[in-house]
Protein chains: 2
Amino acid sequence: MTNPEKIVGVKDIAKALHISLGTVDRALHDRPGVSPKTRDLVLKTAEQFGYKPNLAAQALKLNRRLSVAIVLPRHISHFFDPLRDGIRTTAAAAVGVNLALEFIEYPRLGSGDLEAFRKAIQEHYDGIIFLPGDVRKYEPLARKAAQDGIALMCVGSDAPNTGRIGAVSVHASVSGAIAADLLSQNLTSRSEVAIFTGELSTLDHGEKLRGFAAALAMIAPHLTLRPALESHERPREAYRQAFEVMQTKNRPNGIYISTANSMPVLKALEELGLLGKIKVVATDLFRELVPLIETGKVLATLHQRPFTQGRVALENLLIYLLRDQKPQPIVQLAPHVIFRTNLCLFENQIGQSTGEEIEADFC
Amino acid sequence: MTNPEKIVGVKDIAKALHISLGTVDRALHDRPGVSPKTRDLVLKTAEQFGYKPNLAAQALKLNRRLSVAIVLPRHISHFFDPLRDGIRTTAAAAVGVNLALEFIEYPRLGSGDLEAFRKAIQEHYDGIIFLPGDVRKYEPLARKAAQDGIALMCVGSDAPNTGRIGAVSVHASVSGAIAADLLSQNLTSRSEVAIFTGELSTLDHGEKLRGFAAALAMIAPHLTLRPALESHERPREAYRQAFEVMQTKNRPNGIYISTANSMPVLKALEELGLLGKIKVVATDLFRELVPLIETGKVLATLHQRPFTQGRVALENLLIYLLRDQKPQPIVQLAPHVIFRTNLCLFENQIGQSTGEEIEADFC
DNA sequence: TTGAAAGCGATACCAC
DNA sequence: GTGGTATCGCTTTCAA
């Protein structure tokens, strides 16, 4: 082996400079009670010796305890369950903190979400991980919480200008653009295409639409976009809209469903005998979608990597809270494009994991 | 806040049972010198109290030091540099270990690789991360090292039956299958397709070929596969082969380049005026490829996520070495499919990072 | 088989 | 401003 560099600690620095441990510590942490002269001297020798604090010892002494609330909807579970798992996994691996996680659930976005969020704020957690739905409604609450010193971390979407310390989501406009790309690769003749979305008041949904439309204009001039269909995440509404639009004269040959609420749309297609004839790009992955992808009835789906979102959200929150250094504030993940051919790598992420050898996103 | 559960430590258990710290420790770690009776008692109460060892204290006391060698080629740097970065990033975040990393480089696979590996083995590192090239040649060496107690972790490819403790790579046969899928989506009429590969003696390259061929047979009966072209990673050879095959009578309309050595092939296409007329799926992402993807001259590229490979490789190696529990042994990542539309999310991963807001794979 | 005590490295408090 | 010292929770050695 090479590099038998002796590892240096505060003690070594103190000894070398013939000063006390306390002084060294104060100097290193820029605390009051040191003369600028000795402070600089300590800093310089620390640098020179290549001093790195022993994180284990630091953690032990500081004995930090943090409370973090995770405020997310129960529905849609195939997205939020793995997201919560990502958070739990990260928490389990966290060394040197006494981390108390509080999972707070509400039925679904737009129903009980604000109340849950407001309640969480009042509990004065050190940090809160949440999904900002209707941004306008979240803004005042979030801003106040941030001012109160609560570290807010957004997942799934973002709430800019609220003082939140970070956000983790899939890159929304790129998601839309990929969908456009795929449809344009698979529809060679002039056609109409349609987009089914959820809540345009949620920032990310609007972004997906914009990305989709922009990419169509750029790279697929032969495809015409119909007005967006907003289902407000209500299955019946989505079904009705799909049924209707597919019976118009110039019915679309391509569809992008930008929300996980895709089954009603697919059901309508099925009933109209259009499944397989129309190119469909969906969002997320769940059990009912699997056979449709396998058989090619759904061309592709854009996987939003909920596990990774959860993992990164907590990781960055902890970096902020513990190492009080700002992490990468806005993380916008690349969605995974799932076709029938790579579907197998993601199947273990739905429902109970099978303990298989293959791990897809490592997430 | 809820859950003010007091955190229990060994001391609490000792106190509750009126025994000493030493005994509790011995019992918890199944060490000799405890009567079975007290051992069980301790274990039971620990369970009951929900005892979790304080990892920081444990790490501090144990004061473990590990040496890990990373034996990888310099070439191709756009793959191996980020891989090394992933390793460094993980190392920087490791708490409670004095980790000594030794990066050992050799020119390229097949030239100095075995020598470097052999030398590393003789140094008796605690662990070695390496890329097994020609499996047959690596096998005897690796098997011996494993028997000597060195923890071997493969990246980029695998070397089964060597006693290696794990492997991290992209799922090779799925990579091939995705390429086939993309070509079949973009070539609607009967055509020939060709595959350019590197070294078929490297396990993963053979797997890509198999996956490609199998998927073509399954989902693209209208596409015929020509005999594979093996460049042995030599640019001139790849160029020559490409030039030749593109001038045959029934020249292929689709190409899958399963190695990062794609530029010579693309150069040949360019010179023949075929760039843009032929559907090309490449591998990996590097600077010269960017404009070709942007303009649609290359349909897509399969990103092998080197950063993540490095991160996961060291993570799992450390789990094995420190927590002496077996991690997920074989990790086969899903490659990212990069089109012109999501290219922007990956550009910050080539060359110097720009400190932008967008982080693609989080890797 | 069990108990007592030292010590890992960094921090914080109290005395000077 | 600075020095000395107890302390965090766990492991380990030495005595009993």
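Small disclaimer: the values here were computed from a predicted structure and weren't measured. In the text below, chain A, chain B and the rest are named by the order of the sequence lines, each starting its count at 1.
Between A:T38 and D:dT2 there is a side-chain polar atom (N or O) within less than 4.0 angstrom of OP1 or OP2. For C:dA10, the OP1/OP2 oxygens have a side-chain nitrogen or oxygen of A:Y51 closer than 4.0 Å.
Taking each heavy atom of A:D25 and A:R31 in turn, the nearest pair found is OD2-NH2, 2.8 Å. Contact detail for B:L28 and B:L43: the closest heavy-atom pair is CA-CD1, 4.0 Å. B:Q309 and B:G156 make their closest contact through OE1-N, 3.2 Å (heavy atoms, listed as atom of the first residue, atom of the second, distance).
Between B:R164 and B:D158, at least one side-chain nitrogen of the basic residue sits less than 4.0 Å from a carboxylate oxygen of the acidic one, meeting the salt-bridge criterion. Ion pairing of B:D85 with B:R311 is absent here, as no side-chain N (NZ or NE/NH1/NH2) approaches a carboxylate O to less than 4.0 Å.
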Any chance you could lay out the side-chain contact (heavy atoms from CB on, under 4.5 Å) test for B:S157 and B:L131, step after step, and finish with the verdict?
-> CA-CA 6 Å; B:S157 186; B:L131 168 51; 3.7 Å; yes
A:Y125 and A:E102: CA distance, side-chain angles, deciding distance, side-chain contact (heavy atoms from CB on, under 4.5 Å) verdict | CA-CA 9 Å; A:Y125 293 96; A:E102 185 83 12; 3.2 Å; yes
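Heavy-atom distances to DNA chain C give each of B:R39 and A:K52 a nearest nucleotide, and the one nearer the 5′ end belongs to B:R39.
A donor-acceptor pair is defined here as one N or O able to donate and one able to accept, closer than 3.5 Å; such a pair exists between the side chain of A:S35 and the backbone of A:T38.
For A:E47, the CD atom counts as loosely surrounded, since its 6.0 Å shell holds 12 or fewer non-hydrogen atoms of other residues, nucleotides or ligands.
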Taking only distance into account, with no hydrogens and no angle test, what donor-acceptor pairs under 3.5 Å do side-chain atoms of residues 13-22 of chain A form with protein atoms, sequence neighbours excluded?
from: A:S20; atom 1: OG; to: A:G22; atom 2: N; distance (Å): 3.4
from: A:S20; atom 1: OG; to: A:T23; atom 2: N; distance (Å): 3.4
from: A:S20; atom 1: OG; to: A:T23; atom 2: OG1; distance (Å): 3.2

Give every donor-acceptor pair under 3.5 Å between a side-chain atom in residues 144-151 of chain B and any protein atom, sequence neighbours left out.
from: B:K144; atom 1: NZ; to: B:D148; atom 2: OD2; distance (Å): 3.3

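Side-chain contact check for B:I70 versus B:I104: every heavy-atom pair is 4.5 Å or farther apart.
Sorted by residue number, the members of residues 26-37 of chain B with any non-hydrogen atom under 4.0 Å from DNA chain C read B:R26, B:G33, B:V34, B:S35. Listed by residue number, the members of residues 11-22 of chain A with any heavy atom below 4.0 angstrom from DNA chain C are A:G22. Using a 4.0 Å cut-off on heavy atoms, the residues of residues 54-64 of chain B that approach DNA chain C are B:L60, B:K61, B:N63, listed by number.
Regarding A:D25, its CG atom lies at a distance of 14 Å from the C1' atom of D:dG4, rounded to whole Å.
End-to-end axis angle for the helix from C:dT1-D:dA16 to C:dC16-D:dG1, using five pairs per end and rounding to 10°, comes out at 40°.
A cation-pi arrangement is absent between A:R143 and A:Y138 under the rule of less than 6.0 angstrom and at most 45 degrees off the ring axis.
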